[in-house]
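Working notes, structure below.
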Amino acid sequence: MAGRSRLAPFRAALRFARRDAWAAKARSALIVAMVAIPVAGLSGVALVGMSMIPTIDETLAAELGQADARISVVSSPDSSLIQSPTRPGWHQDEMDPAGMPVNTQADAALADPASLITPGATLVPIRSADVTIETATGIAGMSAVEGETWNVGFAPKYTLVAGRAPSADGEILVTAAALERLGTNLGETVSLRDPERPATVVGVLDGAEYADASLAVFGALGTFTGDREPRIGEDDFYLFGQPLDWAAVQQLNQSGAVALSRSVLLNPPPAGTYELQQSTDLQGVATTVVTLTTVGVIFAVLEIALLAGAAFTVGARQQQRTLATVASVGGHRRTLFQIVTASGLVLGLAGGIVGVIIGVTGGSLFMTLTSDGSAVQYWGYHLSIPALVGIVLFAMVIGWIAAVLPAWTASRMDVLAALRGARRAQTAPQTRRRWAGVFIIATGVAITAGGAWAGTASFSAPGVITNTSLYQLAIMLVLFGPVLAQVGVLLVATVVLASLARIVARVGLGARLAARDVVRNRSRSLPVLAAIMTTVFLGTVLLAFFGGSDESNRASYDRWNAEGQLMVELGSWAEDGTQSVYPVGPDVATILTTQLGADEVSVLSGVRSGSTGPADTAAHPTVALRPEVSCELQSGSNPAGACNSPFWLFSTGSTPQIWTGNLADLALILDADVSPQSQRTLEAGGAVSLYPEYVQDDGTIQIEWMPASAATDDGNTADVTAISTTAVPAVVQEPAHPIHFSVFMLDSTATSLGMEPVPYRVLASFASAPDEAAQDQLRASLGSLTGGPELVARYERGPGSTIDTSGWALVAVAALVAFAAAAVALGLARADGRRDDVTLSAVGANPGLRRSVGFWQAVLLTGTGAVLGGVLGLLGPGMLGLVDLMPFAPPWPQLLLLVVGLPLIIAAGSWLLTRPAQFDERLQRTLA
């Protein structure tokens, strides 16, 4: 009985909350909507994110098919070689300070995988290659896979979906997209190039990792490369008929091989029992999902607590007579507390259920619309019922938390005053609260700065993370710091609003009334400001991170020439190491103009900077770099990170460093006008350097004539003495982005210096990118010029941008959430300010004045919230930019639309939707 008596008040409170929610449908719907909005995003991200992370069975299907293991030989036998149990690509061996293996020699023999397995087991080699093939419109390059991919043991990694398996030489399989591109049918013959030979398409093969639009061809070993024998160290060997446990995999490691084993994936060794711990488990998609989920949880807590809390405050104020009646008949404060918090449980549960339904529906629709047909994009439909139940319970708990403060206030009401209908006056904010807010803001900034500093300590070199745990902690701190600062901002927000109100009050009567209302009624103002601030903050953070990632990709992207240009190399290399340059530059220029419609074409000449083959014994000019420019190539896995200049400057090989032509040629290379200083220097017999690394302190470039024997594969001539050196006056004119052109001079200047320029490239600019058919036709035409060897053509599209797509999508989503949040918050504020509306109508205020009040209220609250959210959202990315962990490059158009445009749109909507109260008998009762 005692237990029942303790539960009875709670059950009564739940019953009261359920009835009140049904009675006040409008207010309840607003609370449910506000809970459902972040919950929908959280559940949608959970569904999509978890569907992008494979299960063990899905990994086995896509990686191994039905094979027992995949073996790859990565070095000669090495007793120190160790690998991750589940990620064979994550392996290491003992190295000396120069980055060379300690326990083996670089030229030591590789172990034959056949000698590492038991008799009776089967090894199937699979080789990746490229192939040039004639299409319906010309010639195209496609990915090629050699080996018995049609073997039923590879299903579902590879599945024969039409036709039959190859049974004779020259028979191939293709993907469905490749069959369409080739313009052929099963059983028909296509032509492979280099060398030219026929091939018969006998079937269509689907690869699990291939998207529907992927172009790929498949054949027996040697069909495309001509080498029918397995290539140890290059091919992957799939093992059938011999399971490999962890001990067997470790034994393979000592032989220089790593393996992805079915048995190990199904039964991995316990963590801590092997040397190479899986410190990179949370990376790639998993890291993104965890980060977005963490941000989503924080956002959901803030949004629900702020807006739902404000709604519960309004509801408790409207229920104060009912609650006072309960208190007057003997109800305890605990009972009043339970009545209000029970509303949080009921409405939080309802909002959680609605949000999960919306999120799952939206996530499913998103996956359907964005799926490209690849089994590794969305590995499966990973709808986790326990996770969704947890999200619903999470929403219910947050709903209860949001109701705690209003419940505490309601339980301590003045019962007699509440029965009389008296309103409690707003109290002025305390100074201690302001200083507490300043302290919290400073703490949040300090945490963000500390996280950024910790991030720098997790890197040993640019792009090389040596302490993954510290890096993850740093990112969490960078995200948490601004979130904490938001709490401090809310404590000092009244001071900010008061300062802005004094300025806005000068605009007119409507603005003055709105400003006074905003400052005096904090309980209805702060939730609106907080709702917009948290929404804009989240959108700004994601936009800034997207922008930084986009800028980082653009900065590291290697362009051969300016964007929107197509370059054709006139040289090719034979198998004996001899380079041939074909004198077909004018013909290539004609093809680019007539067939592809190029806007401008130039045949560019260059001076050979290295030997063209064993018979070439002449000295060749190279341009010396400044003494302080260096690249420590022995630094290991990321040599570009050890260079203080573009990496390709240190690995030019036989590519010309000195290019010659006229001013129009240089303008096309730069994709810009030649500066007056560059023109004067060229006409005076000087040179223009596209990189300052080549120009010495005396304003010249140093051309060093090197013996042919000094040429190496990477172009490194640092240890070779030059035969002679020539100084040429030079200026620097840099292109918009680094490109593979070094120094330019006029033809006459190069000839006077004893150089012999040779046409090396044809460069053309286009107003729009040539389509696939035009590029296929170009490759066919280029092949006809040389009679065999294919000239390389590259069209520079530039790096892909996530901002142009995901950035605007993010703004749209943030705008929808902000509109919903603003509608709820402003609606609650309007409901709470009903008496003020009645008062204005009673004293004869015209509709225009009330609309003006609503407009300026929205401007002050949403504008201030958006600006504060935008500033705090840039705090973390800005700190990362200061320590050079990530470029600070937020997409300003999207950001301005979110921070400035969004509040103006909400304010305009508030002006349009404001309906001034009409003074009638019901309003008289309201005033009473």
Open item on the list: When you measure from the side chain of Ser549 to the backbone of Phe546, do you find a donor-acceptor pair of N or O atoms at a distance under 3.5 Å?
Closed with: no
- [ ] Please tell me if the side chains of Val190 and Glu134 come closer than 4.5 Å, counting only heavy atoms from C-beta onward.
- [x] no
Task: N/O donor-acceptor pair under 3.5 Å between Ser255 side chain and Ala257 backbone - done: no
Open item on the list: Can you classify the ring geometry of Tyr158 versus Tyr210 as parallel (below 30°), tilted (30 to 60°) or perpendicular (above 60°)?
Closed with: tilted
Task: Candidate list Leu182, Thr184, Val202, test side chain to side chain contact (heavy atoms under 4.5 Å, CB included), partner Val174, passing option - done: Leu182
TODO: State, with a plain yes or no, whether a side-chain heavy atom of Thr132 is found less than 4.5 Å away from one of Leu192.
DONE: no
Task: Any Val568 side-chain heavy atom under 4.5 Å of Val792 side chain - done: no
Task: Side chain Gln83, main chain Gly89, donor-acceptor under 3.5 Å - done: no
Open item on the list: Nearest 0.5 Å, please: how far is OG in Ser128 from CD in Glu234?
Closed with: 10.5 Å
Task: Derivation of the side-chain contact (heavy atoms from CB on, under 4.5 Å) call for Leu260 and Leu64 - done: CA-CA 8 Å; Leu260 177 65; Leu64 297 178; 4.2 Å; yes
Task: Check: Asp227 side chain, Gly222 main-chain N or O, donor-acceptor pair, under 3.5 Å - done: no
Open item on the list: Nearest 0.5 angstrom please: Trp659 CH2 to Leu763 CG, how far?
Closed with: 9.5 Å
Task: Non-hydrogen atoms of Arg181 and Leu215 that approach each other most closely - done: NH1-CD1, 3.0 Å
Open item on the list: So, taking the atom named CG in Leu160 and the one named OG1 in Thr149, what distance separates them when rounded to the nearest 0.5 Å?
Closed with: 8.5 Å
TODO: Tell me yes or no: between the side chains of Thr135 and Asp776, is some donor less than 3.5 Å from an acceptor?
DONE: yes
Task: Within-4.5 Å side-chain heavy-atom neighbours: Asp130 and Met142 - done: no
TODO: Side-chain contact test, heavy atoms from C-beta onward, threshold under 4.5 Å: evaluate it for Glu796 versus Asn561 and give yes or no.
DONE: yes
Open item on the list: Nearest 0.5 Å, please: how far is CG in Leu173 from CG in Asp206?
Closed with: 12.0 Å
Open item on the list: Whether the side chain of Gln595 engages the backbone of Ile591 through a donor-acceptor N/O pair (distance < 3.5 Å, no angle test) should be reported.
Closed with: no
TODO: Could you give me the CA-CA distance, side-chain angles and deciding distance for Val204 and Leu179, then say whether side-chain contact (heavy atoms from CB on, under 4.5 Å) is met?
DONE: CA-CA 8 Å; Val204 176; Leu179 185 67; 3.9 Å; yes
TODO: Check the side chains of His91 and Asn253 for a donor-acceptor pair under 3.5 angstrom, ignoring hydrogens and angles.
DONE: no
TODO: Compute the ring centroids of Phe240 and Phe154, then answer whether they are less than 6.0 Å apart.
DONE: yes
TODO: Taking all non-hydrogen atoms of both residues into account, name the closest pair between Ala69 and Leu244 and its distance.
DONE: CB-CD1, 3.7 Å
Task: Positive for side chain to side chain contact (heavy atoms under 4.5 Å, CB included) with Tyr238, one of Gln66, Arg70, Glu148 - done: Arg70
Open item on the list: Please determine whether side-chain hydrogen bond (donor to acceptor under 3.5 Å, both in side chains) holds for the pair Asp236 and Ser72, giving the CA-CA distance in whole Å, both sets of side-chain angles, and the decisive distance to 0.1 Å.
Closed with: CA-CA 5 Å; Asp236 290 326; Ser72 304; 2.7 Å; yes
Task: Shortest non-hydrogen contact between Thr175 and Ser214, atoms and distance - done: OG1-O, 2.8 Å
TODO: Report yes or no: does Arg559 contribute a side-chain atom to a donor-acceptor pair with the main-chain N or O of His740 at less than 3.5 Å?
DONE: no
Open item on the list: Within this structure, what is the CD-CD1 distance for the pair Gln254 and Ile82, rounded to the nearest 0.5 Å?
Closed with: 11.5 Å
Task: Where Met367 and Val48 come nearest, the two heavy atoms and their spacing - done: CG-CG2, 4.0 Å
TODO: Could you walk me through whether Gln565 and Ser765 pass the side-chain hydrogen bond (donor to acceptor under 3.5 Å, both in side chains) test, one step at a time?
DONE: CA-CA 4 Å; Gln565 294 183 348; Ser765 62; 5.5 Å; no
Open item on the list: Could you check whether any side-chain heavy atom of Val145 comes within less than 4.5 Å of a side-chain heavy atom of Ile126, counting everything from C-beta outward?
Closed with: yes
Open item on the list: A quick test of your reading: do over 12 heavy atoms of other residues, nucleotides or ligands sit less than 6.0 Å from CD of Glu772?
Closed with: no
Task: Side-chain donor/acceptor of Ser51 to backbone N/O of Tyr378, under 3.5 Å - done: no
TODO: Taking the side chain as every heavy atom from C-beta outward, state whether Leu60 and Leu266 have any atom pair closer than 4.5 Å.
DONE: yes
- [ ] Could you tell me whether the side chain of Lys157 and the main chain of Ala61 form a donor-acceptor pair under 3.5 Å?
- [x] no
Open item on the list: Could you walk me through whether Leu566 and Phe766 satisfy the side-chain contact (heavy atoms from CB on, under 4.5 Å) test, starting with their C-alpha distance in whole Å, then the side-chain angles of each, then the deciding distance to 0.1 Å, before giving a yes or no?
Closed with: CA-CA 8 Å; Leu566 186 145; Phe766 293 85; 3.6 Å; yes
Task: Side-chain (Asp771) to main-chain (Ala774) donor-acceptor, under 3.5 angstrom - done: yes
- [ ] Without swapping roles, check the side chain of Asp599 against the backbone of Ala767 for a donor-acceptor pair under 3.5 Å.
- [x] yes
Open item on the list: As a quick check of understanding, evaluate side-chain hydrogen bond (donor to acceptor under 3.5 Å, both in side chains) for Glu188 and Thr200, giving each step before the final call.
Closed with: CA-CA 6 Å; Glu188 295 181 352; Thr200 303; over 6 Å; no
Open item on the list: I'd like to know whether CD of Glu180 has more than 12 heavy-atom contacts from other residues, nucleotides or ligands below 6.0 angstrom.
Closed with: no
- [ ] Calculate, to the nearest 0.5 Å, the distance between atoms CG and OH belonging to Leu570 and Tyr760 respectively.
- [x] 10.0 Å
Open item on the list: I need the minimum non-hydrogen distance between Leu81 and Ser75, along with the two atoms involved.
Closed with: CD2-OG, 4.3 Å
TODO: Verify side-chain contact (heavy atoms from CB on, under 4.5 Å) between Met52 and Met50, making sure each step is shown before the conclusion.
DONE: CA-CA 5 Å; Met52 297 173 70; Met50 293 176 67; over 6 Å; no
Task: Validation row: Arg231, Arg127 side chains within 4.5 angstrom (heavy atoms) - done: yes
TODO: Output, in order, the C-alpha distance, side-chain angles, deciding distance and verdict of ring-ring contact (aromatic ring centres under 6.0 Å, His included) for Phe224 and Phe218.
DONE: CA-CA 9 Å; Phe224 310 112; Phe218 309 85; 8.6 Å; no
- [ ] Could you tell me which non-hydrogen atom of Leu782 sits nearest to which non-hydrogen atom of Leu791, and how far apart they are?
- [x] CD1-O, 4.1 Å
